[in-house]
**Student:** 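My structure is below; once you've seen it, I'll send some questions.
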Amino acid sequence: MARKKVAKTDLEDLIRKFAKNDVIAELEKEYQNLSRQNINLALIDDNSYIKRVPLTPSSMERIKKSIEEKGLFNPLVVRPSGNHFELILGRRRFYGARQAGLKEVPVVVANVSDEETLLMLLADTRDQREMNPIEMAYIYQALKTQFAYTPSTLAQLSHQSRSQVVNLLRLLSLPDEVIEDVALGVISYGHARALVTLPEQKIIKLARTIIREHLSVREVESLVKNDNLSIASKEEQKFKIEEKSRELHLYFVSEEEKEDFIKRLKETGII
């Protein structure tokens, strides 16, 4: 089943259509009127643009239980891809159906281009209650590299500022393991923005410390600013000494570390 060619749509028309807040809801209403069919779940492949983005185990467990109890009624939106179909909308339901052991799922088949597929993904990701920054970054990257979308155009479509678009794209320069942590919400977008300016080995080291010691975004920003990354464990020394004229500046990872340091100084009689 070869993918059909789709007529090129004017960029201004695409922006006008997909910048609307309710575009996915409108599209899903349109698709409800199309003939749906049940197809073998094994014939559906994950979307090629965002398949690297992991889904959180907790959300998948909720969806799996819901499907086991109530079934899957809302169809997935797919498009032809060779002898298979490529998923466009309904990714969590798709994986939930797999985990629930379904053999067939309801779908509607949309004949859309790569560009429009990406714009549908962008609108869907944008309008989610908790937008996945890594998912959006991959979509931005594909639109930028394959269709020459500028950060300004992406900002129009995503209702973000141009600088926000650029910051999201920069996340993809992080090491793979850290990208996965951000996608799963183990490390926040704020943490990731601070990490992205560092060399790879320092990023990995500080990312592990963020997870282990529950560092706040502000603490991480301070560490990055002062390049104070000798923080492998709580037993290690965690401050940086900077001498300026007759002043001595100490930079701590957290308030707890500062209090512990002061306590040790008192115990030794230094203060």
Side-chain angles (χ1 to χ4, degrees), residues 1 3 6 17-18 20-140 142-143 157-159 179-186 189:
M1 189 185 306
R3 186 179 295 168
V6 182
K17 176 179 180 180
F18 286 97
K20 292 190 299 184
N21 283 320
D22 56 354
V23 62
I24 294 301
E26 288 185 3
L27 286 173
E28 288 181 335
K29 285 181 183 178
E30 290 178 20
Y31 294 144
Q32 295 299 323
N33 298 323
L34 297 177
S35 59
R36 65 172 68 187
Q37 55 185 293
N38 288 332
I39 66 170
N40 191 321
L41 191 56
L43 293 177
I44 303 175
D45 301 320
D46 195 0
N47 188 277
S48 58
Y49 295 111
I50 57 173
K51 64 182 180 181
R52 289 170 289 181
V53 182
L55 298 169
T56 61
S58 58
S59 67
M60 292 315 305
E61 183 62 26
R62 288 195 300 272
I63 293 171
K64 174 193 169 188
K65 286 183 178 180
S66 175
I67 291 173
E68 287 174 339
E69 294 171 2
K70 304 173 185 177
L72 182 62
F73 296 105
N74 291 331
L76 308 176
V77 179
V78 301
R79 64 174 179 162
S81 179
N83 295 321
H84 279 221
F85 297 89
E86 181 181 18
L87 184 69
I88 303 177
L89 299 177
R91 190 166 184 250
R92 287 170 177 75
R93 284 176 284 138
F94 167 67
Y95 278 104
R98 273 188 175 183
Q99 292 183 11
L102 299 189
K103 300 300 181 186
E104 290 189 339
V105 290
V107 305
V108 293
V109 181
N111 185 31
V112 292
S113 66
D114 290 347
E115 184 176 7
E116 194 155 357
T117 294
L118 281 164
L119 292 172
M120 290 169 69
L121 290 171
L122 185 151
D124 188 43
T125 303
R126 175 197 69 202
D127 294 342
Q128 289 171 15
R129 184 167 55 185
E130 296 181 2
M131 182 197 77
N132 189 313
I134 298 299
E135 186 171 310
M136 188 64 94
Y138 278 127
I139 296 166
Y140 282 166
L143 284 166
L157 288 161
S158 60
H159 309 157
I179 287 176
E180 182 173 346
D181 286 338
V182 179
L184 291 171
V186 178
Y189 171 54

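Just so you know, residue 1 is the first one in the sequence shown, and it goes up from there.
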**Student:** State the OG-CG distance between S158 and L119, to the nearest 0.5 angstrom.
**Tutor:** 11.0 Å
**Student:** What is the minimum heavy-atom distance between H84 and A42, and which atoms define it?
**Tutor:** CE1-O, 3.5 Å
**Student:** Look up atom OH in Y49 and atom CG in L143, then write down how far apart they are to the nearest 0.5 Å.
**Tutor:** 8.5 Å
**Student:** Nearest 0.5 Å, what's the CE-CG distance between M120 and D124?
**Tutor:** 8.5 Å
**Student:** Work out which heavy atom in R36 is nearest to a heavy atom in F73; give both atom names and the distance.
**Tutor:** NH1-O, 2.9 Å
**Student:** Would you check if M131 and R126 make a side-chain contact, meaning some heavy-atom pair closer than 4.5 Å?
**Tutor:** no
**Student:** Start with the C-alpha gap between R91 and V53, add the side-chain angles, then the distance that decides, and say whether side chain to side chain contact (heavy atoms under 4.5 Å, CB included) holds.
**Tutor:** CA-CA 11 Å; R91 190 166 184 250; V53 182; 4.2 Å; yes
**Student:** Have T117 and R79 got a donor and an acceptor in their side chains that come within less than 3.5 Å?
**Tutor:** yes
**Student:** What heavy-atom pair brings A97 and I67 nearest, and what distance separates the two atoms?
**Tutor:** N-CD1, 3.5 Å
**Student:** Heavy-atom distance under 4.5 Å between the side chains of F18 and L122, does that happen here?
**Tutor:** no
**Student:** A side-chain contact here means heavy atoms from C-beta on lying under 4.5 Å apart; do L87 and D45 qualify?
**Tutor:** no
**Student:** Please name the pair of heavy atoms, one in T125 and one in E135, separated by the smallest distance, quoted to 0.1 Å.
**Tutor:** OG1-OE2, 2.6 Å
**Student:** Write down the atom of A183, the atom of N132, and the distance for their closest heavy-atom approach.
**Tutor:** O-ND2, 3.0 Å
**Student:** How close do A100 and E68 get, counting heavy atoms only, and between which atoms?
**Tutor:** CB-CG, 3.8 Å
**Student:** Is there side-chain contact between E86 and V78, with at least one heavy-atom pair below 4.5 Å?
**Tutor:** no
**Student:** For residues L41 and K103, determine if any side-chain heavy atom of one lies less than 4.5 Å from a side-chain heavy atom of the other.
**Tutor:** no
**Student:** For the residue pair P106 and Q37, establish whether any side-chain heavy-atom pair is separated by less than 4.5 Å.
**Tutor:** no
**Student:** Looking at R52 and D46, does any basic side-chain N land under 4.0 Å from a carboxylate oxygen?
**Tutor:** no
**Student:** Could you work out, with side chain to side chain contact (heavy atoms under 4.5 Å, CB included) as the rule, every residue matching K17, not counting sequence neighbours?
**Tutor:** V23, L27, E116
**Student:** Any side-chain heavy-atom pair from F94 and I44 closer than 4.5 angstrom?
**Tutor:** yes
**Student:** So how far is it from L121 CG to N47 CG, rounded to the nearest 0.5 Å?
**Tutor:** 4.5 Å
**Student:** What distance do I39 atom CD1 and L76 atom CG have between them, rounded to the nearest 0.5 Å?
**Tutor:** 8.0 Å
**Student:** Is it the case that the side chain of R93 and the backbone of K64 share a donor-acceptor pair, with hydrogens and angles ignored and the cut-off at 3.5 Å?
**Tutor:** no
**Student:** If only atom types and distance count, is the side chain of R92 paired as donor or acceptor with the main-chain N or O of M60 below 3.5 Å?
**Tutor:** no
**Student:** Side chains of V112 and I88: does their closest heavy-atom pair fall under 4.5 Å?
**Tutor:** yes
**Student:** Roughly how far, to the nearest 0.5 Å, is CG of L184 from OG of S58?
**Tutor:** 9.5 Å
